[in-house]
Amino acid sequence: DVQLVESGGGLVQAGGSLRLSCAASGSIVNVYCMAWFRQAPGKEREGVAYITTGSTTNYANSVKGRFTISRDNAKNTLYLQMNNLKPEDTAMYYCAAKSGTVCFLLETGFKNWGQGTQVTVSS
C-alpha cells in the first residue's frame with residue numbers, strides 16, 4: 001500500500017504564503033495521479049489540485065492562480081505552494097494518490113490518504 005504523510009501546515013495572515021509537503025512511501029509504482037484535498041469543519045471535502053505522472057495539472061477555480069502543485073520524484077514528495085492565502089483557505093489539507101489513466105478533482109478513485117495538515121489563515 002501507499003503511505004502518505006503531510007507536513008507544512010500552520011497559521012498565517014491573509015496574503016501570506018505556505019508550502020505543504022506530502023512524503024510518499026510504500027507501493028507507489030502504480031500511482032498515476034496525486035492530489036491535494038481540503039476540508040473545513042462542517043464542510044464537504046473538496047479537491048484543490050492534482051498532478052499526473054505526465055505532469056498534467058488541474059486546479060479548483062477557487063485557488064487557480066494562487067496555488068501551485070508540484071512534485072519531486074527523487075524525493076517521492078508532493079508539494080503545494082500556497083500564495084496570497086485567504087481566510088476561506090482555512091481547512092485541513094489532505095494528500096491523496098490514485099491509480100489508473102485518468103484524474104479528476106473528485107474523491108472517488110483516490111484510495112490512499114494522508115493524515116492531513118492544518119492550514120489556518122487569519123484576517
Side-chain angles (χ1 to χ4, degrees):
D1 208 357
V2 178
Q3 291 80 50
L4 304 171
V5 180
E6 301 97 332
S7 62
L11 174 64
V12 296
Q13 293 185 7
S17 298
L18 209 59
R19 189 180 75 162
L20 306 183
S21 298
C22 173
S25 61
S27 302
I28 62 176
V29 64
N30 292 322
V31 172
Y32 170 71
C33 174
M34 295 190 70
W36 289 96
F37 290 81
R38 66 186 183 185
Q39 188 169 26
K43 300 289 187 178
E44 190 173 305
R45 187 172 297 185
E46 62 179 355
V48 176
Y50 72 67
I51 184 168
T52 70
T53 55
S55 296
T56 297
T57 59
N58 195 28
Y59 299 87
N61 288 333
S62 59
V63 307
K64 196 172 298 182
R66 299 188 297 120
F67 292 9
T68 302
I69 189 170
S70 63
R71 67 175 189 271
D72 186 333
N73 290 333
K75 296 181 178 180
N76 291 328
T77 301
L78 179 75
Y79 301 100
L80 184 67
Q81 179 65 47
M82 311 163 71
N83 297 327
N84 191 24
L85 283 161
K86 303 176 180 180
E88 52 262 43
D89 295 319
T90 295
M92 184 72 75
Y93 283 70
Y94 298 91
C95 176
K98 181 186 184 297
S99 62
T101 57
V102 296
C103 194
F104 298 98
L105 280 176
L106 299 170
E107 284 192 72
T108 305
F110 286 89
K111 292 171 283 188
N112 302 100
W113 295 82
Q115 83 290 347
T117 185
Q118 179 68 39
V119 172
T120 302
V121 184
S122 64
S123 58

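Every heavy atom of this structure was used, including side-chain atoms; hydrogens, water molecules and symmetry mates were not.
The cluster map of Ile, Leu, Val, Met, Phe, Trp and Tyr, joined by side-chain heavy atoms under 4.5 Å apart, puts M82 and Y79 in different clusters. Linking Ile, Leu, Val, Met, Phe, Trp and Tyr residues whenever their side-chain heavy atoms come within less than 4.5 Å leaves Y94 and V63 in two separate clusters.
The closest side-chain heavy-atom distance from S7 to T117 is not below 4.5 Å. Two residues are said to be in side-chain contact when any heavy atoms from C-beta on lie closer than 4.5 Å; S62 and R38 meet this criterion. A 4.5 Å side-chain heavy-atom check between C22 and R71 finds every atom pair outside the cut-off. E6 is not listed as a side-chain neighbour of L20, based on a closest heavy-atom distance of 4.5 Å or more. Counting heavy atoms from C-beta outward, M34 and L4 have side chains that approach closer than 4.5 Å.
Taken to the nearest 0.5 Å, the CD atom of Q39 stands 9.0 Å off from the CD atom of E46. To the nearest 0.5 angstrom, N83 atom CG is 11.5 Å from R19 atom CZ. Separating the CG atom in L85 from the CD atom in Q13 is a distance of 11.5 Å, to the nearest 0.5 Å. Annotation: the span from E88 atom CD to S123 atom OG amounts to 10.0 Å, rounded to 0.5 Å. Between L78 atom CG and N73 atom CG the span is 10.0 Å, to the nearest 0.5 Å. A distance of 9.5 Å separates CG in L80 from OG in S21, rounded to the nearest 0.5 Å.
Between T53 and V31 the shortest heavy-atom distance is CG2-O, 3.3 Å. The minimum heavy-atom distance between K86 and V121, with the atom names listed, is O-CB, 3.3 Å. When all heavy atoms are compared, the tightest approach of K75 to T77 is O-OG1, 2.9 Å. What you find for Q115 and V5 is that their closest heavy atoms are OE1-CA, 3.5 Å. The two residues A91 and A40 make their nearest non-hydrogen contact at CB-N, 3.8 Å.
For residues 4-41, the pairs satisfying ring-ring contact (aromatic ring centres under 6.0 Å, His included) are F37-F110, F37-W113, with sequence neighbours left out. Applying the ring-ring contact (aromatic ring centres under 6.0 Å, His included) test to residues at least two apart or on different chains, none of the pairs has a partner in residues 42-70.
With Q118 contributing its side chain and G116 its backbone, the two residues share no donor-acceptor pair below 3.5 Å.
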Review item, side-chain donor-acceptor pairs of residues 99-109, under 3.5 Å, at least two apart:
unit_1 : atom_1 : unit_2 : atom_2 : d
S99    : OG     : K111   : NZ     : 3.3

